[in-house]
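What follows is one structure encoded as structure tokens, with my remarks underneath.
Protein chains get the first letters and strands the later ones, always in sequence-line order, with residue 1 at the start of each. Because only heavy atoms are used, hydrogens play no part in the values below, and waters and symmetry mates are left out as well, while side chains stay in.
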There are 2 protein chains.
Amino acid sequence: MTARYVGIAAELREAIVRGEYAVGAQLPSEAELAARFAASRGTVRQAVAVLAAEGLVGSRQGARRIVLGRERSQSFAELNSFAQWARAMGHRVSGRVLEQRRRGADAAEAARLALQPGDPVLSVLRLRSLEGEPVLLERTVYAGWIAPAVERIDPGCESVTQALYDGVGLVIAYGEHLIDAVAAGAEDSRLLAVRRGSPLLRQRRVTTTHEGRPVELSDDRYRAGSVTFSIRNSVDANPLVRQVGDLRPAQ
Amino acid sequence: MTARYVGIAAELREAIVRGEYAVGAQLPSEAELAARFAASRGTVRQAVAVLAAEGLVGSRQGARRIVLGRERSQSFAELNSFAQWARAMGHRVSGRVLEQRRRGADAAEAARLALQPGDPVLSVLRLRSLEGEPVLLERTVYAGWIAPAVERIDPGCESVTQALYDGVGLVIAYGEHLIDAVAAGAEDSRLLAVRRGSPLLRQRRVTTTHEGRPVELSDDRYRAGSVTFSIRNSVDANPLVRQVGDLRPAQ
DNA sequence: GAGTGGTCTAGACCACCCT
DNA sequence: GGGTGGTCTAGACCACTCA
């Protein structure tokens, strides 16, 4: 059963997308919505909170909520999975494993994966394409405990996240992501078919299970112009944080 | 008066940062926290929701909440203001206006600023430095209605956002941001002291007032290695969205 | 001053996790 | 089956906006 507030949020979202409430226009008051949906005010507040989290509406005490945008934020959870994102957006995605080997974790990897240095990890190099064009080079390090399941995955598999879920029921629930720009190195330029030194958008991430257990560490590089990250923020509630870069030059 | 739940969230956050609840460990149950803080369960839930939004804790139905991380996400609202972010992080920030002129909006600008093509806008080129080193080149277009206030700002002013607030009480409440990587152009490379074609992290943004009225449009380019964007996400609740780039090559 | 969103309470039922 | 978080209700008071 879907929750009441989810349904109410969906109805309001559709009304916004339809243009029934124009960008900049006011939403009905909470009391009005509560009456219309025959729900309590609390439930209505939960519903509009969903829309606020999607960046569609904004609010301030004492004034009606207003519509900020119409594009629905495809509230998929998939910063973590390239394939799931791409398919949800209607893109044709493919990928292949170029290299895969077991080795021992170095100190930095061990720390981020909650392992000891030297503990076994699985290192994978994957090239992903959108509409047939290579756009993303993934260098992923999996914690040893999940390595067997990863090795069983078909090398041409579209979505590793999906395969891990289907195969061993693993849910990648949380992620931390660092986004910056780097110059393409020798391997990057060869595999992504760009000039050496040309700009790449880099996303480094650590993902964990529901229990907070680290699963993988990844350095993903997108060809410039192929993918853009988009964020809506408001004066209160801002999930994105800028950080000063490392002192050492981007490697 | 600060709200009750904000205080409870602060106490829990401190306990996490102190290490009282280790990463991966469980938080007390809602009932327990409600008793400890002599608050209702609803209020406690509001408090932990704050921590969840900061990416510090995760939750799933039926199981205790767990701690995901210890670094507090500096819950500043300032994706919008470079200076406010930098100062909050303890960096020395400066900036200067290199160019400033009024002109008419082109079609794209007009659409995003809710103006008519040809309506007056103020175009500003600003170079910002961190610890004395130039790291950010801002190309900003202000809507005509705010232009006079912008022109009154001291060209060496640290924070334009702050100046607009102090000067005319303008609050920049919402923003939409697109993040990608581009190659440094001729002007970029000269002003940021990098080689032509070298990678820059680009943040394009539109910001609006509380009422949803667009204030400015900006193309900000960070020298590679100087600044990183960081995001925590979870299976449900993901404010960040990937988009396929424009068809035309990054300009 | 009327209307609106922000906060808080107390209690209820359910779905899910764990043992 | 007991504990836990997720959902929902009904009512209350307050802070703020706006005319």
Practice task
Dump the intermediate steps for side chain to side chain contact (heavy atoms under 4.5 Å, CB included) on B/Val206 and B/Glu216, then the final yes or no.
Solution key: CA-CA 6 Å; B/Val206 194; B/Glu216 53 162 15; over 6 Å; no

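The residue among B/Ala31 and A/Thr2 whose nearest nucleotide of DNA chain D lies closer to the 5′ end is B/Ala31. If you find the closest nucleotide of DNA chain D to B/Pro28 and to A/Thr43, the one lying nearer the 5' end belongs to B/Pro28.
Between the OH atom of B/Tyr5 and the P atom of C/dG6 there is a distance of 9 Å, given to the nearest Å. One interatomic measurement links the two molecules: CD of A/Gln46 to P of C/dG5, which rounds to 16 Å at whole-angstrom precision. Taking atom CD1 of A/Ile8 as the reference point, atom P of D/dT7 lies 12 Å away to the nearest angstrom. Put simply, CZ on A/Phe37 is 17 Å from P on D/dT7, counting in whole angstrom units. One atom, CD of A/Gln26, and another, P of C/dT4, lie 9 Å apart when rounded to the nearest Å. Per the geometry, CD belonging to B/Glu30 stands 17 Å off P belonging to C/dA12, to the nearest Å. What separates CZ of A/Arg4 from P of C/dA15 is a distance of 16 Å, to the nearest Å. For the pair B/His210 NE2 and D/dC16 C1', the computed distance is 12 Å after rounding to whole Å.
Listed candidates were C/dC8, D/dC8, D/dG5. Nearest to the side chain of B/Ser59 is D/dG5. Closest approach to the B/Arg64 side chain among D/dG5, C/dC8, C/dG5 is made by D/dG5 (side chain taken as heavy atoms from C-beta onward).
Side-chain nitrogen and oxygen atoms of B/Arg65 include at least one within less than 4.0 Å of the OP1 or OP2 phosphate oxygen of D/dG6. For A/Gln61, no side-chain nitrogen or oxygen approaches OP1 or OP2 of C/dT4 to under 4.0 Å.
In this structure, B/Phe37 CZ and B/Leu12 CG are separated by 4.5 Å, a value rounded to the nearest 0.5 Å.
Base contact: A/Arg41 has a heavy atom under 4.0 Å from a base atom. B/Arg45 comes within contact range of at least one nucleobase, with a heavy-atom separation under 4.0 Å.
The pair A/Arg103-A/Glu109 meets the salt-bridge criterion, with a side-chain N (NZ, NE, NH1 or NH2) lying under 4.0 Å from an Asp/Glu carboxylate O. A salt bridge is absent between B/Glu30 and B/Arg64; no separation between the charged side-chain nitrogens and carboxylate oxygens falls under 4.0 Å.
Ring pair B/Tyr222/B/Phe229 is perpendicular by interplanar angle, where above 60° counts as perpendicular and below 30° as parallel.
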